Amino acid sequence: MATRQSVDEFLQHCEDVIRYAKEQYTEAQRQEHYNDEAYTNAQQMLENAVNDLAHFALSCNAQQREQLHRMRLQLEQLQNDMILLGH
């Protein structure tokens, strides 16, 4: 069973990843192919967070899984946005 603290810490990590990826997405909208490495890194961080979330959810209770599900939706939406930007 995942502890409340471990879930909170993981959600904070995901929020940090989202914040970084949004910064890279905004930058890419302005400058197109200027910063490909950081953009690709942000995409990889999102993918890792989604994968970690799937494994982490296995040891959570129903309420924690609901929190993780909402976070997964945010991560995946940002992943889709970054793919569709065509950077």
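None of these values were measured; they are calculated from a predicted model.
- Side chains of E15 and Q74 form no contact here, defined as non-hydrogen atoms less than 4.5 Å apart.
- Of all heavy-atom pairs spanning A49 and F10, the tightest one is O-CZ, 3.8 Å.
- Atoms CG and CG, on L46 and N80 in that order, are 10.0 Å from each other to the nearest 0.5 Å.
- Using a 4.5 Å cut-off on side-chain heavy atoms (C-beta onward), S6 and T3 make contact.
- In Q12, the CD atom is crowded: over 12 heavy atoms of neighbouring residues, nucleotides or ligands sit closer than 6.0 Å.
- From N48, atom CG reaches atom SG of C14 across 11.0 Å, with rounding to the nearest 0.5 Å.
- Between Y25 and M82, the shortest heavy-atom contact is CD1-CG, 3.9 Å.
- The pair R19-E23 does not meet the salt-bridge criterion, since no charged nitrogen lies less than 4.0 angstrom from a carboxylate oxygen.
- R70 CZ to L73 CG: the interatomic distance, rounded to the nearest 0.5 Å, is 9.5 Å.
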Q.
side chain to side chain donor-acceptor pair (under 3.5 Å), that's the test. Do Q63 and Q67 meet it? Break it down for me.
A. CA-CA 7 Å; Q63 180 183 4; Q67 288 178 296; 5.4 Å; no

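- Across all their heavy atoms, L58 and A54 have their closest contact at CG-O, 3.7 Å.
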Q: Check the pair Q44 / T40 against side-chain contact (heavy atoms from CB on, under 4.5 Å), numbers first and verdict last.
A: CA-CA 6 Å; Q44 185 62 50; T40 303; 5.7 Å; no

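- In this structure a side-chain-to-backbone donor-acceptor pair under 3.5 Å is present from Q64 to N61.
- Rounded to the nearest 0.5 angstrom, Q79 CD and E76 CD are separated by 6.0 Å.
- Put simply, CD on E47 and CG on L75 are 10.0 Å apart, with the number rounded to the nearest 0.5 Å.
- Between F56 atom CZ and H13 atom NE2 the span is 11.0 Å, to the nearest 0.5 Å.
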Q: Please report the C-alpha distance between I18 and M71 in whole Å, then the side-chain angles of each, then the deciding distance to 0.1 Å, and finally whether the side-chain contact (heavy atoms from CB on, under 4.5 Å) criterion is met.
A: CA-CA 10 Å; I18 288 172; M71 180 56 70; 3.6 Å; yes

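- Here the side chains of L68 and L11 are in contact, with some heavy-atom distance below 4.5 Å.
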